[in-house]
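One structure is given below, encoded as structure tokens.
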Amino acid sequence: MAIASPPAPSFSASFCCSRADSARLTRCPPITASFPHSHRRLAAISARLNSSTPSGAGGGSVSPDNGDLNQYELHHAFSSAASRRGGSPVFVALPTDAVGLGAAQMRRRKAMAQSFRALAAAGVEGVVMEVWWGLVEREEPRVYNWDGYWEIVTMARRCGLKVRAVMGFHQCGPGPGDPQWIPLPVWVLQEMDKDPDIAYSDRFGRRSMEYLSLGCDILPVLQGRSPIQAYADFMRNFRDSFRPFFGDVITGVQVGMGPAGELRYPSCPSHKLSWAWRSRELGEFQCYDKYMLANLNACARGIGMHEWGNGGPIGTGNLMQDPENTVFFKSDDGSWNTAYGKFFLEWYSGMLLLHGERICREAETIFRGIEVNTSAKVAGIHWHYGTKSHPSELTAGYYNTSTRDGYLPITRMFGRYGFTLCSTCFEMQDVEEKQMNPVSSPEGFLRQLLLAARVCDVPLEGENCTSNLDDRSFQQVLKMSKFYTDGLEKPTFSFNFFRMDKNMFEYNNWVRFTRFVRQMSVANIFRARLGSPDVHSSAGDSAKLGFAFAYS
């Protein structure tokens with residue numbers, strides 16, 4: 001049975017802030033996102049083709065293992081995609097395990113160097129480098145090891161590539177058995193053992209270890225520091241350690257704000273989001289740790305509705321249930337659309353927005369005066385977008401329904417701090433998703449988000465959420481990027497391709513990828529000399545040769 005819903009005063013999330021915290025939320029002057037427009041140095045990458053090079057369109061791959069790296073000779077000259085009129089630069093995300101345990105060194109240096117050269121030759125603008133809190137500050141608080149990331153940035157500079165650094169304050173992978181497993185720092189996990197409530201909890205008492213609960217954002221639960229202070233110290237040390245590279249090599253910093261680096265609650269484990277049946281999962285509200293419950297209770301008392309502060313909504317069903325069969329989420333008379341439902345959802349989404357604002361404020365201060373673009377990511381949760389209540393978005397913290405725009409407040413907040421908005425789903429198509437789930441709409445979600453970015457004049461970074469390398473996916477990215485940039489006098493759009501692996505460098509995939517890079521950057525000045533000084537080719541000819549540098 002749903003909680004009774006008597007009339008209630010209007011509610012604002014700021015109601016629940018302490019006086020000191022409210023004072024700190026005074027708006028900072030907006031900063032202009034800085035996209036470097038300087039022309040890149042002409043880069044010459046030498047390689048000599050060996051006998052294993054594919055001679056026809058049939059495919060194959062050229063691996064660093066086939067011979068010495070100096071056996072190839074390829075000369076390319078190109079200018080920065082960012083400086084081309086109407087062009088949108090493409091970045092490529094590095095493998096999750098690009099840096100080894102403890103962040104002491106880069107892994108597979110030889111293969112990574114060859115891959116970097118291939119990306120540069122293809123006209124890629126740069127690489128996305130995930131910087132993991134659980135590796136850099138692994139053993140002790142305030143003890144940082146950046147050695148492996150320093151190697152990556154140095155190699156990128158040698159190859160003429162830019163770097164976007166992602167501050168990863170979250171766990172990677174579902175558990176120790178996963179090859180991509182990167183937990184939170186050891187000392188943070190030790191604090192979790194002492195106080196389990198610094199981790200999110202759902203109504204069943206299940207803890208999420210992906211990210212610290214935002215309920216303790218400003219509480220000294222990490223050996224005298226708050227999580228926000230720990231994130232800020234990490235970013236500040238990164239800034240100081242890599243200062244010589246900013247502007248020239250490191251042109252972007254994406255700040256993690258939740259699970260998978262996205263501003264959201266861990267309503268569904270991140271690794272599940274790639275599973276085919278994800279489209280039926282409602283998610284669970286993450287408001288049952290003692291810090292979140294204390295805040296909810298204080299907010300309910302503040303408006304004279306004590307009974308509303310004892311926990312999250314009831315009648316939300318189970319994870320795989322049809323929302324129309326639940327009390328809270330059903331379309332026409334669900335309690336999501338009652339006075340109680342509106343109170344809870346405003347509080348829940350308001351706490352998430354406050355968390356984002358706290359981190360934006362710290363990052364804006366830390367990187368102020370540094371030639372770097374700051375960005376943050378919103379999750380692409382689209383599998384109930386065609387319903388009235390949008391349950392999977394609500395449990396993730398996005399108060400977005402058929403009667404309310406939940407993404408405009410987030411976009412405005414990013415805009416106030418000069419942040420670029422990053423989002424995924426750019427390669428996804430409704431026609432395919434609706435075959436599995438008729439109420440899913442990745443295109444509908446993305447159009448709403450892109451319109452919010454246009455309205456707020458916020459720059460945009462696009463991403464793919466599946467590593468499809470087929471032409472349909474690439475054409476969909478082009479279509480959605482055009483939806484954002486069309487008609488804008490100075491569109492600021494770029495694309496992060498997730499992610500680099502040896503499948504990407506397989507001959508046919510490489511041909512499609514390099515064609516996509518050219519289409520995004522409007523490149524027609526790409527020239528190559530292959531084999532001898534007498535042989536010249538365009539970018540298309542270069543792609544047809546199918547250079548494939550398997551990184552592993």
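Side chain of Arg264 to backbone of Gly397: no donor-acceptor contact under 3.5 angstrom is found. Checked by atom type and distance alone, the side chain of Asn468 never pairs as donor or acceptor with a backbone atom of Ser473 at under 3.5 Å. Remark: side-chain polar atoms of Tyr484 are not paired, donor with acceptor, to backbone N or O of Phe493 under 3.5 angstrom. A donor-acceptor contact shorter than 3.5 Å is absent between the side chain of Asp97 and the backbone of Gln180. Distance alone, capped at 3.5 Å, is enough to place a donor-acceptor pair between the Gln229 side chain and the Ser226 backbone. A distance-only check finds no donor-acceptor pair linking the side chain of Ser423 to the backbone of Ala379 [under 3.5 Å]. Here the side chain of Arg225 pairs no donor or acceptor atom with the backbone of Val221 at under 3.5 angstrom. Remark: side-chain polar atoms of Thr326 are paired, donor with acceptor, to backbone N or O of Phe329 under 3.5 angstrom. Although no hydrogens or angles enter the test, the distance criterion places no donor-acceptor pair under 3.5 Å between the side chain of Arg138 and the main chain of Pro185. Between the Thr424 side chain and the Cys465 main chain, a donor and an acceptor come within less than 3.5 Å of each other.
The closest side-chain donor-acceptor pair between Asp430 and Ser441 falls under 3.5 angstrom. Side-chain contact, His382 with Ser440: a donor N or O sits under 3.5 Å from an acceptor N or O. Remark: the Glu427 side chain and the Thr466 side chain contain an N/O donor-acceptor pair separated by less than 3.5 Å. Checking Tyr385 against Gln448 by side-chain atom types alone, a donor-acceptor pair falls below 3.5 Å. For Arg164 and Ser494, the side-chain atoms include at least one donor-acceptor pair closer than 3.5 Å. Between the side chains of Asn295 and Trp347, at least one donor N or O lies within less than 3.5 Å of an accepting N or O. A donor atom on one side chain and an acceptor atom on the other are found under 3.5 Å apart for Glu324 and Ser331.
Judged by the 6.0 Å distance and 45° axis criteria, Lys377 is positioned over the aromatic ring of Phe498. For the pair Arg447 and Phe483, the cation-pi criterion (under 6.0 Å, within 45° of the ring axis) is fulfilled.
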* To do: Dump the intermediate steps for side chain to side chain contact (heavy atoms under 4.5 Å, CB included) on Phe91 and Leu119, then the final yes or no.
  => CA-CA 9 Å; Phe91 289 73; Leu119 294 176; over 6 Å; no

* Show your working on ring-ring contact (aromatic ring centres under 6.0 Å, His included) between Phe234 and Phe169 and close with a plain yes or no. => CA-CA 9 Å; Phe234 185 90; Phe169 299 117; 5.3 Å; yes

* To do: I would like to know whether Ser392 and His384 meet side-chain hydrogen bond (donor to acceptor under 3.5 Å, both in side chains); could you show each step before the answer?
  => CA-CA 6 Å; Ser392 47; His384 292 105; 2.9 Å; yes

* Asked: Taking it one step at a time, do Asp202 and Gln286 satisfy side-chain hydrogen bond (donor to acceptor under 3.5 Å, both in side chains)?
  -> CA-CA 5 Å; Asp202 66 14; Gln286 304 291 311; 4.7 Å; no

* Trp308 vs Phe343, ring-ring contact (aromatic ring centres under 6.0 Å, His included): CA-CA, chis, key distance, verdict -> CA-CA 9 Å; Trp308 288 0; Phe343 159 78; 5.3 Å; yes

* To do: Decide salt bridge (charged side-chain N to carboxylate O under 4.0 Å, His left out) for Glu191 and Lys194; before the verdict, give the C-alpha distance in whole Å, the side-chain angles of both, and the deciding distance to 0.1 Å.
  => CA-CA 5 Å; Glu191 295 304 312; Lys194 299 174 187 175; 3.2 Å; yes

* To do: Kindly determine whether Asp195 and Tyr291 satisfy side-chain hydrogen bond (donor to acceptor under 3.5 Å, both in side chains), including the steps that lead there.
  => CA-CA 11 Å; Asp195 181 5; Tyr291 302 108; 2.5 Å; yes

* Could you walk me through whether Glu307 and Tyr340 pass the side-chain hydrogen bond (donor to acceptor under 3.5 Å, both in side chains) test, one step at a time? => CA-CA 10 Å; Glu307 65 272 26; Tyr340 162 74; over 6 Å; no

* **From CA spacing to verdict: salt bridge (charged side-chain N to carboxylate O under 4.0 Å, His left out), Asp289, Arg207** => CA-CA 9 Å; Asp289 64 79; Arg207 301 281 179 183; 5.7 Å; no

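A centroid separation of less than 6.0 Å is found between the aromatic rings of Phe285 and Tyr348. Less than 6.0 angstrom separates the ring centroid of Phe445 from the ring centroid of Tyr407. A distance of 6.0 Å or more separates the ring centres of Tyr507 and Trp510.
Distance check: Glu432 CD to Met428 CE gives 8.5 Å after rounding to the nearest 0.5 Å. We find the CD-OG distance between Glu393 and Ser267 to be 10.5 Å, quoted to the nearest 0.5 Å. The CE atom of Met257 sits 13.0 Å away from the NE2 atom of His170 when rounded to the nearest 0.5 Å. Between the CG atom of Leu460 and the CG atom of Leu449 there is a distance of 7.0 Å, given to the nearest 0.5 Å. Taken from CG in Leu263 to CE in Met413, the straight-line distance is 5.5 Å, to the nearest 0.5 Å. A distance of 8.0 Å separates CG in Asn400 from CG in Leu394, rounded to the nearest 0.5 Å.
A salt bridge does not link Asp322 to Lys330: none of the charged side-chain nitrogens sits closer than 4.0 Å to a carboxylate oxygen. By the 4.0 Å N-to-carboxylate-O rule, Arg416 lies too far from Glu364 to be salt-bridged with it.
Other residues, nucleotides and ligands contribute at most 12 non-hydrogen atoms within 6.0 Å of the CG atom of Asp457.
Put simply, the side chain of Met167 reaches to within 4.5 Å of the side chain of Val253, judged on heavy atoms. Looking only at side-chain heavy atoms (C-beta outward), Tyr265 and Leu352 come within less than 4.5 Å of each other. In this structure the side chain of Leu94 never reaches within 4.5 angstrom of the side chain of Arg499, judged on heavy atoms. Between Leu212 and Met192 there is a side-chain heavy-atom pair separated by less than 4.5 Å. Counting heavy atoms from C-beta on, the side chains of Phe495 and Val477 come closer than 4.5 Å. No side-chain heavy atom of Leu296 sits under 4.5 Å from any side-chain heavy atom of Met292. Proximity of Arg206 to Glu284: side-chain heavy atoms (C-beta onward) are separated by under 4.5 Å at one or more points. Annotation: side chain of Phe497 is in contact with side chain of Leu469 (closest heavy-atom distance under 4.5 Å).
When all heavy atoms are compared, the tightest approach of Thr96 to Glu130 is CA-OE1, 4.1 Å.
Between Tyr211 and Tyr231, the angle of the ring planes stays under 30°, which puts this pair in the parallel group of the 30/60° scheme.
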